[in-house]
Amino acid sequence: MVHKELGPFVGLGPGGKWMLSLALGMGVLAFTLKIGVALILAESPENTVDRLTDNRFVHSHQASDEKTDFLNPAPFRPREYVWGTLPERAPEPADNPSNPVKIELGKRLFYEKRLSADGTLSCASCHDLYEKAGGDGRATALGIAQQTGPRNAPTVWNAAFQSVLFWDGRAPSLEAQAKGPILNPIEMGMPTPTEAERRLNADTSYRTQFAQAFGDGQLISFERIAQAIASYERTLIIADSPYDRFVRGDPKALNQAQLRGMALFESVGCVLCHRGPNFSDASLLGGETPWRLFPANETAYERKYKLLDEAGQRGVWRIPSLRNVALTGPWLHNGSVDKLDEVVRIMASAQLGRSTGLMTWLNQNSSLGKIDRSPLSDREIRDIVAFLEALSSDTLRAARQQSAATLLRSSDNTDKRQHAR
Ligand code: HEC
Ligand code: HEC
């Protein structure tokens with residue numbers, strides 16, 4: 001082809017034709033090699049994570065269902081990662097079916113300050129749905145009597161899709177979770193469940209509402225308070241991010257940097273843990289392993305951000321969802337990191353072992369299993385951050401901008417007033 005068609009077309013002499021053939025040949029060869037390496041890398045991160053994390057908490061389906069059969073070797077195929085968006089409704093437990101009255105009651109309770117010992121805090125104080133994207137924007141939460149807790153307040157948006165709740169995943173359901181903060185002495189600080197029941201019972205409108213929500217003759221109980229709140233939380237579903245518009249079929253919803261970030265999110269292995277439509281393996285939507293060691297791998301970050309302080313060792317943490325993560329900083333269980341690019345660097349080195357700049361030879365299967373452990377480049381980090389930003393809901397982003405604008409306006413006014421004096 002080079003000799004007969006391309007050569008004469010661009011007017012090359014015999015020497016030039018050979019050079020062109022050679023160049024094309026090299027190009028094809030290099031491309032083939034690249035594909036090969038990409039396939040190997042796509043296979044490898046699971047192994048890294050297996051080696052880096054405690055085996056009790058990591059699924060190694062890889063090892064069991066991909067045993068090498070020498071007589072009938074399986075054709076080599078790259079595993080495909082499937083991207084998806086959230087369903088419109090969250091699954092609910094059989095013993096707490098929702099109904100509109102129960103949801104309305106749950107919403108009222110979510111904003112009810114009488115559920116805190118001194119009447120100053122409601123759930124919404126630490127989970128500000130719009131201005132703070134369902135969290136509180138603080139490093140760690142501020143409870144009654146100005147007490148600060150040890151942990152960051154996660155968002156309640158889409159929490160209904162998580163299989164276990166809290167940073168350590170100790171609550172098995174939203175119902176179980178909701179009882180925690182009410183009784184926690186440094187959060188809402190109620191002395192006993194009975195005291196919460198007594199306060200609501202004193203209000204006739206609550207007595208009527210509970211009977212309507214749970215059936216005639218059903219009294220107010222701590223259990224039902226939690227059930228109503230959980231029903232309301234199951235309506236806090238939000239999936240109107242650029243990412244969601246993209247996977248629903250709008251190819252223009254993501255820009256080039258976000259698309260590169262999306263590809264990296266898969267190829268470097270973030271999807272091993274932050275997988276599925278809620279970007280967490282601790283998900284009711286096909287999640288398999290809710291917990292992982294963190295930080296799995298020793299890095300300088302663990303001292304810098306006191307990541308071992310609470311557990312006193314490498315802790316076992318629930319994999320958080322990454323939806324709206326760009327709006328819910330500061331990040332990590334102790335809220336110690338206030339830059340999202342820094343969190344991505346921590347993840348790459350602590351969870352994926354991308355910190356040493358070495359290639360590692362894994363020969364479990366006597367197959368070529370080189371793993372690139374070099375840190376991600378600044379551009380790769382920027383692209384991944386751009387992708388994480390594409391997971392922010394349009395509604396929540398607009399609410400954030402609006403509240404920032406209002407703040408700016410009120411501080412402008414204060415400035416003007418001060419100048420006027
Ligand atoms: C003082 C602040 C504060 C108050 C008040 C509060 N929370 Fe939280 N919330 C937190 C913190 C901090 C965590 C994480 C705690 C942990 O992981 O140990 C959390 C975790 C959660 C989670 C788990 C989210 C996830 O992804 O795992 C849900 C759901 C939640 N809170 C709902 C509620 C409800 C419902 C109420 C009211 C009954 C409430 N919170 C009151 C601070 C607060
Ligand atoms: C081996 C499992 C694993 C891998 C791989 C992993 N993560 Fe994580 N990620 C976690 C866990 C566990 C946490 C919670 C850490 C904590 O408790 O502070 C987390 C937390 C995060 C957070 C902070 C969430 C918040 O609300 O504060 C971000 C952002 C994040 N990961 C992004 C990524 C990115 C990007 C990648 C790929 C470069 C990645 N993760 C790879 C397990 C993993």
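Keep in mind that what you see is a predicted model, and the values were worked out from it rather than measured. Hydrogens, waters and symmetry mates are skipped; everything else that's a heavy atom, side chains included, is used. Ligands are counted one by one from 1 in listed order, and the atoms in each one are counted from 1 as well.
- When distances to atom 8 (Fe) of ligand 2 are checked against a cut-off of 2.8 Å, Cys270 contributes no N, O or S atom below that limit.
- Residue contacts with ligand 1, taken as heavy atom pairs separated by less than 4.0 Å, involve Glu233 solely via side-chain atoms from C-beta onward.
- Note on ligand 1: Arg170 sits in its first shell, one or more heavy atoms being nearer than 4.0 Å.
- Panel note: side chain Glu380, backbone Ser377; a donor-acceptor pair is recorded below 3.5 Å.
- For the pair Gly149 and ligand 1, no heavy-atom separation below 4.0 Å is found.
- Remark: distances from the non-hydrogen atoms of Leu142 to ligand 1 include one below 4.0 Å.
- For the residues Arg138, Arg151, Lys179, the heavy atom positioned nearest atom 12 (C) of ligand 1 is part of Arg151.
- Backbone and side-chain nitrogen or oxygen atoms of Arg318 are examined, and one is located within less than 3.5 angstrom of a nitrogen or oxygen of ligand 1.
- Set against the non-hydrogen atoms of His333, the atoms of ligand 2 under 4.0 Å away are 16 (C), 17 (O), 18 (O).
- Atom CZ of Arg89 sits in a sparse spot, with 12 or fewer heavy atoms from other residues, nucleotides or ligands closer than 6.0 Å.
- Heavy atoms of Ile384 approach ligand 2 to within less than 4.0 angstrom.
- Heavy-atom separations between Leu115 and ligand 1 are all 4.0 Å or longer.
- Ligand 2 has Pro320 within reach: a non-hydrogen atom of the residue lies less than 4.0 Å from it.
- Not a single heavy atom of Leu272 sits under 4.0 Å from any atom of ligand 2.
- The count of protein N, O or S atoms under 2.8 Å from atom 8 (Fe) of ligand 1 stands at 1, with waters excluded from the count.
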Contacts under 3.5 angstrom, residues 381-392 side chains, donor-acceptor by atom type, not counting sequence neighbours:
from: Asp383; atom 1: OD1; to: Arg260; atom 2: NH2; distance (Å): 3.2
from: Asp383; atom 1: OD2; to: Arg260; atom 2: NE; distance (Å): 2.8
from: Ser392; atom 1: OG; to: Glu389; atom 2: O; distance (Å): 3.3

